[in-house]
Protein chains: 2
Amino acid sequence: MFSVFKKYIESKATLSDDEWAFIESVSNVKKFRKHQLVLKEGDVWNFHAFICDGCVRRYSTDADNVEHTIQFSIENWWTGDRESLLNETPSKLNIEAIENTTVLLIHKDDFDKICEKIPTFSSIISSILQKSMNTMQKRIQADISYTAEEKYLHFLEFYPQLANRVPRHMLASYLGVTPETLSRIRKLAYKK
Amino acid sequence: MFSVFKKYIESKATLSDDEWAFIESVSNVKKFRKHQLVLKEGDVWNFHAFICDGCVRRYSTDADNVEHTIQFSIENWWTGDRESLLNETPSKLNIEAIENTTVLLIHKDDFDKICEKIPTFSSIISSILQKSMNTMQKRIQADISYTAEEKYLHFLEFYPQLANRVPRHMLASYLGVTPETLSRIRKLAYKK
DNA sequence: CCATTCTCTTGATAAATGTCAAGATTTTTT
DNA sequence: AAAAAATCTTGACATTTATCAAGAGAATGG
């Protein structure tokens with residue numbers, strides 16, 4: 001599964017064999033069954049995590065025990081809890097495999113070493129961060145501007161692969177509506 | 001006004017006189033009157049922008065000409081349009097001074113040079129980016145989890161300085177509700 | 001393959017928020 | 001200081017979304 005990661009990085013820049021050897025030496029490939037937690041609320045998150053295969057969702061649980069899905073991540077995306085990673089505080093999030101999933105984990109200390117040793121890698125990562133910020137900003141824009149129906153259609157447009165892959169009640173919690181509302185929206189959208 | 005920026009950076013790390021001289025040589029301090037646009041939709045944004053004094057808001061305008069405030073930034077924060085900066089595409093956003101505002105602008109090419117020459121600076125910036133991502137994520141969580149009233153109270157809690165500084169209709173558009181709804185929420189919140 | 005559990009949909013009703021219109025208040029301009 | 005413009009609030013009503021309850025449908029485990 002390391003090859004998936006290698007292919008992903010090499011689509012952005014070329015690294016030497018030595019560099020790859022180092023990266024591989026600090027990489028851990030771990031498999032999670034559907035429903036297993038990659039990160040459990042309360043634990044400190046110490047990794048950078050790349051999805052080689054499968055699908056996970058990041059979510060928080062509110063005072064009424066309702067789950068709110070912050071993000072879905074599929075193969076060739078990253079996941080994790082940046083807040084816990086950065087501040088070394090217990091995470092307030094859960095990350096759950098919603099399919100059988102293979103994750104490549106690199107401990108943050110090792111990750112920092114890679115970035116130090118390999119400036120190319122470092123700049124790839126920073127460009128990924130930038131893109132990820134753009135994505136988050138678009139999400140915020142959608143959240144404050146759109147009606148529930150518009151949010152759903154927007155999601156379909158931007159993540160068509162995901163719409164059929166994630167359970168609907170999780171999609172509802174991602175969009176910030178109840179499953180019932182999503183169900184009704186879908187019914188209306190079909191008619192059009 | 002350069003001193004404000006210097007003080008901000010020096011609260012995080014120390015740079016040499018030479019390094020400061022270089023940074024200052026590529027910095028542009030620009031003043032904006034209340035209501036003036038720092039960035040106009042359609043223009044390409046080429047800068048990194050630090051607010052020395054004042055307050056701006058970043059907003060988009062939707063198909064019905066309704067404005068949606070994405071973020072407020074005051075002194076000691078950054079502003080700009082990362083998407084336009086990164087992709088060199090016309091911006092879809094406006095940035096408006098909502099007070100008389102002083103901004104320190106550094107052209108992206110110069111900014112990249114600073115980061116190359118001064119690794120300390122570069123790592124300060126990347127840690128700021130990380131924090132900013134955490135903030136955005138919390139915003140997303142609030143947007144999908146909270147009722148309008150909770151969003152307002154949450155805003156008061158996290159940005160007490162801002163609540164009295166920004167016009168209410170802009171705050172409403174930041175929270176994703178109409179000015180009328182915000183007005184009613186405030187009335188209820190007082191009673192409690 | 002059946003039973004159980006989980007997920008999705010539908011209906012009835014309640015609650016939250018939006019829309020439109022008008023008046024009060026504040027700010028800006030002259 | 002007065003007039004004009006912009007902002008904020010309030011009321012009546014419409015629309016959207018949530019809640020609760022029930023049943024249909026799908027996935028899961030023995």
Side-chain angles (χ1 to χ4, degrees), chain A residues 32-36 54-55 57 59 61-69 72 96-100 142-156 162-192, chain B residues 32-36 54-55 57 59 61-69 72 96-100 142-156 162-192:
Chain A
F32 293 88
R33 284 274 180 81
K34 187 171 177 173
H35 296 135
Q36 271 193 313
C55 183
R57 69 162 177 147
Y59 69 93
T61 306
D62 70 18
D64 300 327
N65 252 15
V66 178
E67 296 175 356
H68 301 281
T69 300
F72 298 107
E96 177 196 17
I98 61 181
E99 298 173 1
N100 292 338
D143 286 340
I144 63 174
S145 316
Y146 294 169
T147 62
E149 184 181 10
E150 287 168 338
K151 284 180 205 172
Y152 173 64
L153 295 174
H154 184 257
F155 182 88
L156 284 189
L162 273 179
N164 302 313
R165 213 166 147 180
V166 304
R168 286 210 220 313
H169 67 281
M170 292 183 189
L171 175 52
S173 85
Y174 174 92
L175 297 174
V177 299
T178 58
E180 293 94 330
T181 295
L182 179 55
S183 186
R184 284 169 187 129
I185 286 166
R186 286 165 44 80
K187 205 170 149 189
L188 284 174
Y190 277 135
K191 288 189 184 166
K192 288 181 183 168
Chain B
F32 293 88
R33 285 274 181 81
K34 187 172 178 173
H35 296 135
Q36 272 193 313
C55 183
R57 68 161 178 150
Y59 68 93
T61 306
D62 71 17
D64 300 328
N65 252 16
V66 178
E67 295 175 357
H68 301 280
T69 299
F72 299 107
E96 178 196 16
I98 61 181
E99 298 174 1
N100 293 338
D143 286 340
I144 64 174
S145 316
Y146 293 168
T147 62
E149 184 180 9
E150 287 167 338
K151 283 180 205 172
Y152 173 66
L153 295 175
H154 184 259
F155 182 87
L156 284 190
L162 273 178
N164 301 313
R165 213 166 147 180
V166 305
R168 287 210 221 312
H169 67 282
M170 291 183 191
L171 176 52
S173 85
Y174 174 92
L175 298 174
V177 299
T178 58
E180 293 94 330
T181 295
L182 178 56
S183 188
R184 284 168 188 129
I185 285 167
R186 285 165 44 79
K187 204 169 150 189
L188 284 175
Y190 277 135
K191 288 189 185 169
K192 290 182 184 167

Checking only heavy atoms, does the side chain of Arg184(A) share a donor-acceptor pair with the base of dT19(D) at less than 3.5 Å?
yes
Atom CG in Asp143(A), atom NZ in Lys151(B): separation rounded to 0.5 Å?
7.5 Å
Going by the side-chain hydrogen bond (donor to acceptor under 3.5 Å, both in side chains) test, name the single residue among Arg33(B), Arg165(B), His35(B), Lys34(B) that passes it with Glu99(B).
Arg165(B)
Considering only side-chain heavy atoms of His169(B), which listed nucleotide, dT17(D), dG18(C), dC8(D), is closest?
dC8(D)
Arg33(B) has an atom CZ; how far is it from atom C1' of dT28(C), in whole Å?
13 Å
CA sep, side-chain torsions, deciding dist, call: Met170(B), Tyr59(B), side chain to side chain contact (heavy atoms under 4.5 Å, CB included)
CA-CA 9 Å; Met170(B) 291 183 191; Tyr59(B) 68 93; over 6 Å; no
N or O in side chain of Thr178(B) less than 4.0 angstrom from dG18(C) OP1/OP2:
yes
Which of these nucleotides, dT10(C), dT17(C), dT7(D), is closest to any side-chain atom of Thr181(B)?
dT17(C)
Lys187(B) NZ to dA16(C) P, straight-line distance once rounded to whole Å:
16 Å
Please report, rounded to the nearest Å, how far the C1' atom of dT7(C) is from the CD atom of Glu67(A).
14 Å
The side chain of Val177(B) is closest to which nucleotide in this list: dT9(C), dG18(C), dT17(D)?
dG18(C)
Please report the distance, rounded to the nearest Å, between CZ in Arg168(A) and P in dA24(D).
19 Å
Distance, rounded to the nearest Å, where Arg165(B) contributes CZ and dT27(C) contributes P:
16 Å
Closest listed nucleotide, where the reference is the side chain of Pro167(A) and the choices are dT7(D), dC8(C), dA18(D)
dC8(C)
Round to a whole Å and report the spacing from CG of Leu188(B) to P of dT10(D).
10 Å
Nearest whole Å is fine: how far is dT28(D) C1' from Asn100(A) CG?
13 Å
Arg186(A) CZ to dT17(D) P, in whole Å, measures 16 Å
Would you kindly check whether a donor in the side chain of Glu180(A) faces an acceptor in the base of dC20(D), or vice versa, at under 3.5 angstrom?
yes
Heavy atoms only: give me the nearest His169(A)-Pro179(A) pair and the separation to one decimal.
CB-CG, 4.0 Å
Looking at Lys34(A), does any N or O in its side chain come under 4.0 Å of the phosphate oxygens OP1/OP2 on dG29(D)?
no
Nearest heavy-atom approach of Arg57(B) to Thr69(B) is NH1-OG1, 2.9 Å
